[in-house]
There are 2 protein chains.
Amino acid sequence: MPDPTSAANPEPPRPQRRNEIRQQNETLILQAAEKVFAEAGFGGATMQLIADVAGLPKANLHYYFATKEDLYRQVVQNIFEIWLHAAETMDNAPGPVEGIGAYIEAKMEISRRHPDGSKVWASEVMHGAPVIQDYLETTLRDWTEGRIAIIHRWIAAGQMAPVDPRHLLYTLWATTQHYADFGHQIETLNGGAPLDEAQWREATASVKSLILRGIGAI
Amino acid sequence: MPDPTSAANPEPPRPQRRNEIRQQNETLILQAAEKVFAEAGFGGATMQLIADVAGLPKANLHYYFATKEDLYRQVVQNIFEIWLHAAETMDNAPGPVEGIGAYIEAKMEISRRHPDGSKVWASEVMHGAPVIQDYLETTLRDWTEGRIAIIHRWIAAGQMAPVDPRHLLYTLWATTQHYADFGHQIETLNGGAPLDEAQWREATASVKSLILRGIGAI
DNA sequence: CTCAACATTGACCATACGGTCAGGAAAAGA
DNA sequence: TCTTTTCCTGACCGTATGGTCAATGTTGAG
């Protein structure tokens with residue numbers, strides 16, 4: 001804590017440090033941007049609306065992010081980070097029940113906590129991944145190959161049926177992300193109300209049991 | 001066939017009938033629009049680009065479709081028709097293996113044949129279904145309730161495990177549509193090439209066996 | 001206190017977009 | 001043929017958008 005002024009001032013409410021200002025505003029803008037991009041898509045989103053949601057003048061956005069595309073790129077990258085982090089749950093698992101089970105739970109939790117991020121990601125991929133194509137070809141491809149190897153090991157060990165690992169991964173992504181990306185449709189079919197705590201537990205349990213049984217792990 | 005002119009003129013190449021002109025151009029525009037809306041989203045699509053893809057002057061689009069939103073609405077409705085038609089495959093099936101199996105096959109075929117349509121639909125729902133909310137609340141809800149009843153009957157008859165029918169339907173939609181909506185990601189992970197005939201068969205078989213096993217139908 | 005670096009913002013600009021319209025071409029009816 | 005209806009399209013318009021900039025305020029090191 002390199003603060004020479006005082007030790008009795010842990011977090012001042014208004015007179016902020018320079019770095020704090022920067023980080024705080026960037027976060028504020030990124031959150032607003034994530035929401036607006038999710039609701040309107042890249043083309044439909046406007047810098048003015050993002051500024052309004054963030055409660056800042058439009059010109060201020062351009063001070064922190066040079067262009068709309070720069071801002072969008074940051075949003076997508078942030079989502080990718082969250083996404084990749086959750087993917088680690090599959091490692092070091094003794095078998096598919098623990099590994100895939102934990103992965104499903106982690107991804108369902110992301111769908112619940114970051115539905116906007118998931119939508120932005122989906123939209124980006126749907127439109128041909130114009131800004132994160134390199135991620136798909138490097139990080140995602142490597143991660144996928146690694147997980148395929150793990151699944152093959154589980155199959156070889158007789159811990160699950162000889163399912164095509166690639167399509168299993170697609171199914172995992174599809175089912176879990178569906179609860180975020182098509183959340184509005186699910187909400188409508190749920191009588192107009194978002195899934196509550198218990199319903200999310202049911203959804204997660206449903207997906208887990210269906211897939212784990214589907215791959216012959218239980 | 002109310003054609004008083006001649007019986008030896010089944011389909012003239014150039015001198016077209018009025019109705020033919022109208023229908024032909026509308027189809028042409030709708031196809032171009034579906035592609036552009038899928039690639040750029042509603043907000044990112046421009047009437048000029050749709051016109052270029054259709055090979056018509058922009059003003060001509062506005063002759064057939066008053067506004068961009070009208071055109072978009074038509075595209076979404078067309079997709080919904082295809083989608084609903086495929087849904088019929090689940091009816092009159094003796095059990096889940098036939099009913100759900102056929103439904104998966106039909107939906108995978110749609111993902112393959114109409115990936116753009118699927119993307120437009122996904123995009124529409126992701127953005128809160130601004131133009132097809134009423135469809136979700138009427139047609140889709142009714143269809144869903146009907147299918148839930150069928151599944152409950154199969155469960156009662158001991159033809160499958162007591163899976164939550166609602167989440168099963170979500171899983172069916174998610175997995176099958178994923179191959180269209182995230183086709184670009186799948187293509188990238190496939191070495192940059194679209195799935196070929198054999199790979200589509202594998203994908204379909206994979207999804208079918210995983211889900212049918214997952215619900216205890218096989 | 002001074003001053004340089006950083007932060008803020010109202011006003012402004014060029015462009016691109018959805019949409020309009022008048023006027024002409026082509027087909028259908030009489 | 002003449003007339004009416006439908007179809008076609010270049011030119012145009014108002015607006016909204018992404019982005020710029022100069023002027024001003026704020027912070028903190030020396």
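Below, chains carry the letters A, B, ... as their sequence lines are ordered, and counting in each starts from 1.
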A:I50 CD1 to D:dA16 C1', straight-line distance once rounded to whole Å: 15 Å

Can we say B:E109 and B:R113 salt-bridge, meaning some charged N sits less than 4.0 Å from an Asp/Glu carboxylate O? yes

Do the side chains of A:E69 and A:R73 get close enough for a salt bridge, i.e. N-O under 4.0 angstrom? yes

What's the closest nucleotide to the side chain of A:M47 if the choices are C:dG19, D:dC7, D:dG18? D:dG18

NA contact type, A:A45, heavy-atom cut-off 4.0 Å: base, sugar-phosphate, or nothing? sugar-phosphate

C:dA7 C1' sits how many Å from A:E20 CD, rounded? 15 Å

Can you label the angle between the B:W121 ring and the B:F80 ring as parallel, tilted or perpendicular, going by 30° and 60°? parallel

Side-chain contact check for B:Y64: nearest option of D:dG19, C:dA7, D:dC7 is D:dC7

Looking only at heavy atoms, the pair that brings A:A32 and A:I50 closest together is CB-O, 3.7 Å

Here the distance between atom P of D:dG25 and atom CG of A:L56, to the nearest Å, is 19 Å

Can you tell me how far P of C:dA7 sits from CG of A:N25, to the nearest Å? 9 Å

Taking only the side-chain heavy atoms of B:H62 (C-beta and beyond), determine which of C:dA7, C:dT20, D:dT17 contains the nearest atom. C:dT20

For a quick test of reading the model: is some side-chain N or O of A:R22 closer than 4.0 Å to OP1 or OP2 of C:dA7? yes

Interatomic distance, A:K58 NZ vs D:dG18 C1' [rounded to whole Å]: 6 Å

Rounded to the nearest angstrom, tell me the gap between atom CD1 in B:I21 and atom C1' in D:dC7. 7 Å

Return whichever of A:A59 or A:F42 has its heavy-atom-nearest nucleotide of DNA chain D closer to the 5' end. A:F42

Rounded to the nearest angstrom, tell me the gap between atom CG in A:L71 and atom C1' in D:dG19. 14 Å

Under 4.0 Å, heavy atoms only, any strand: does A:F65 hit a base, just the sugar-phosphate, or nothing? nothing

In whole Å, I'd like the distance from the CG atom of B:N60 to the P atom of C:dC21. 17 Å

Any donor-acceptor pair under 3.5 Å joining the side chain of B:K68 to the base of C:dG19? no

Reckon B:Y63 has a side-chain N or O less than 4.0 Å from the OP1 or OP2 of D:dC7? yes

Quick one: closest heavy-atom pair of B:Q177 and B:S111, and the distance? CA-OG, 3.6 Å

